[in-house]
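Below is one structure; the comments refer to it alone.
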2 protein chains.
Amino acid sequence: MNKNQAFPWDHPRFRSWIGVARACQLMQQAVTRAIADLGIKPPHLDILVNLYRFQGISQQELARKLLVGRSNMSMLLPQLEKRGLIERNPDAKDKRVLRLSLTAEGRALTEQAMTIQTGLIERIMSQTPEDRCLQVAEAMEDIIRILQTLETADDEEEG
Amino acid sequence: MNKNQAFPWDHPRFRSWIGVARACQLMQQAVTRAIADLGIKPPHLDILVNLYRFQGISQQELARKLLVGRSNMSMLLPQLEKRGLIERNPDAKDKRVLRLSLTAEGRALTEQAMTIQTGLIERIMSQTPEDRCLQVAEAMEDIIRILQTLETADDEEEG
DNA sequence: TCAAAAATGTTCAATGATGAACAATAAAGT
DNA sequence: ACTTTATTGTTCATCATTGAACATTTTTGA
C-alpha cells in the first residue's frame, strides 16, 4: 500500500530538491555574515560581481542576469551610486538606457568580496570531488533549462 | 599565467555553485506562480507542509526547521490563523509555547499545494536519472553539514 | 510621415525577512 | 526559597523584492 509513496518527502527526487533548497538557504545566510564587515549584503554583491564582469551593462540587462525585476535595480543601484561604488552614465545612442560601471573604490571592494565568496564556496564544496561537482553542475543546467521553458510557456499562455 | 584561475567564474566549483543558486531562484519563482491560484506563497507553503508533517509543533521548532527567525513566524502564522488554515493552541505544560496544527481546510489546501509542488519537482528533475539525483543529494548533504558547523563556529566566537 | 507598439527606467504600495528590545514563563544555580 | 539565566513568542524599525502604473524614448508598420 505504500507503493505509491503517498507522501512527498518519501520521493527521492523530492528529498533531493529539498536538500538543494536547504543548502542554498544556509549558504545565503553564511554569505550574508561573511560579507557583513564590508557593509554589503548578497544582493549588492551579486550586482557588483556582475558589473565587475560585464562593464557598461544596462540596468535591464543586469536585472535579467540576476533574475529580478527592473524596479529592484531602480531601488538598489542609487544606493550603490551614492556610496561611490558604481557610476550610472547615459547611453550615447539610446537616451533611455543607463550604462553601469564600477568606480575604483567599487572595484576594490568587489575584489575583496569575491575573495570571501570564492573562499566560502571552495570551503563548502571541499568534501565534494571535482567530478561530482561537474555532475551537480550538469544536473542544475538541465533543471535550469526546464524551468526557463516553463517560464516562456507561461508567457505564451497569457498572450 | 592563467594557472591561478584569476577570476572566480573560471573555477569549476564556483560555476557549479552558481548553477545551484540559479536553479533555486528559478524554482522559487516557478513555485510562486504555480501556487498563486491557491492564494498562498512559498513561505506559507513551507509552513503548511511542515505542519502537515509535524503536527503539534511549536513556533520555535517550526522556525528552526525553516531556517528563519522566530519573529518571522510571529508575522506569518497569525495570517494563516485568520484565514482559518491553522490553529494555535497553548501548551498544557509550558505556558510560553503555542502548539500549531492544521484545520481541516488547511489540510485540504496543503494537499492541493503539495500535489502541485511535487509535480513541479518531478518535472524539473525528469531529465536527471535517479542515481544522479542521489549524487546531488549526497553532495548537498555534505555542503549542509559544513555550513552548519560554520554556523556553530560563529556562535562560539561570540561567546 | 505618423500612429501604434515596445522598451527602459522610475515610483509607489504591499509583503516577507531580519535583528534588537521586550514581557512572560521556566529552569538552573545558590 | 530565591536570584539568575534561558527560552518562547511578540513588537518594531529597517530593508529587499515585487508588480502595477507611469513618463520618456525608440522601433514598427501602415
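In this text the structure is predicted, and so the values were computed from the model without any measurement. Labels below follow one simple rule: chain letters A, B, ... track the order of the sequence lines, proteins then strands, and each chain is numbered from 1.
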**Study point:** Salt bridge B/Asp94-B/Arg96, side-chain N to carboxylate O under 4.0 Å
**Key:** yes
Practice item. Give the rounded distance in Å between these two atoms: CD of B/Gln29 and C1' of D/dT17. Key: 11 Å
Point to revise | salt_bridge(A/Glu138, B/Arg132) N-O dist < 4.0 Å | key: yes
Check your understanding: For the side chain of A/Val68, counting heavy atoms from C-beta on, which of C/dA17, C/dT8, D/dT18 is nearest?
Key -> D/dT18
Exercise for review: Search all heavy atoms of A/Ile144 against all heavy atoms of B/Gly19 and return the closest pair with its distance.
Suggested key: CD1-O, 3.6 Å
Exercise for review: Identify whether any heavy atom of B/Arg88 sits under 4.0 Å from a base atom; if not, whether one sits that close to sugar-phosphate; answer base, sugar-phosphate or nothing.
Suggested key: sugar-phosphate
Revision key, fill the gap. Here the distance between atom C1' of C/dA24 and atom CD of B/Gln60, to the nearest Å, is 15 Å
Check your understanding: Please give, in whole Å, the distance from D/dT17 P to A/His44 NE2?
Key -> 8 Å
**Study point:** Among D/dT10, C/dT25, D/dA16, the one nearest B/Asp94 by side-chain distance
**Key:** C/dT25
Review point. From C/dT8, D/dT8, C/dG16, pick the nucleotide closest to the side chain of A/Arg96?
Key: C/dT8
Exercise for review: Calculate the interatomic distance between A/Leu77 atom CG and D/dA16 atom P; express it in whole Å.
Suggested key: 12 Å
Check your understanding: Closest nucleotide of DNA chain D for B/Met73 versus for A/Gly69: which of these residues is on the 5' side?
Key -> B/Met73
**Study point:** Upstream residue (5' side of DNA chain C) when A/Pro78 and B/Arg70 are each assigned their closest nucleotide
**Key:** A/Pro78
Review point. Hey, is the side chain of B/Ser74 pairing donor to acceptor with the base of D/dG9 inside 3.5 Å?
Key: no
Point to revise | Separation of D/dT8 P from B/Lys95 NZ (nearest whole Å) | key: 17 Å
Review point. Within this structure, what is the CG-to-P distance between A/Leu62 and D/dT17, rounded to whole angstrom?
Key: 12 Å
Check your understanding: With respect to the phosphate group of D/dA16, does any side-chain polar atom (N or O) of A/Gln79 fall under 4.0 Å of OP1 or OP2?
Key -> yes
Review point. Looking at A/Gln59, does any N or O in its side chain come under 4.0 Å of the phosphate oxygens OP1/OP2 on C/dA7?
Key: no
Point to revise | Short side-chain donor-acceptor distance under 3.5 Å, B/Gln59 and B/Arg88 | key: yes
Study note, to complete from the structure: By nearest-nucleotide position on DNA chain D, the 5'-leaning member of A/Lys41 and B/Gln25 is A/Lys41
Check your understanding: Is the shortest side-chain N to carboxylate O distance from A/Glu61 to A/Arg99 below 4.0 Å?
Key -> yes
Check your understanding: Looking at A/Asn72, does any N or O in its side chain come under 4.0 Å of the phosphate oxygens OP1/OP2 on D/dA16?
Key -> no
Practice item. Specify the separation, in whole Å, of atom CG of B/Leu45 and atom P of C/dT15. Key: 19 Å
Point to revise | Between D/dT10 (C1') and B/Met75 (CE): distance, integer Å | key: 10 Å
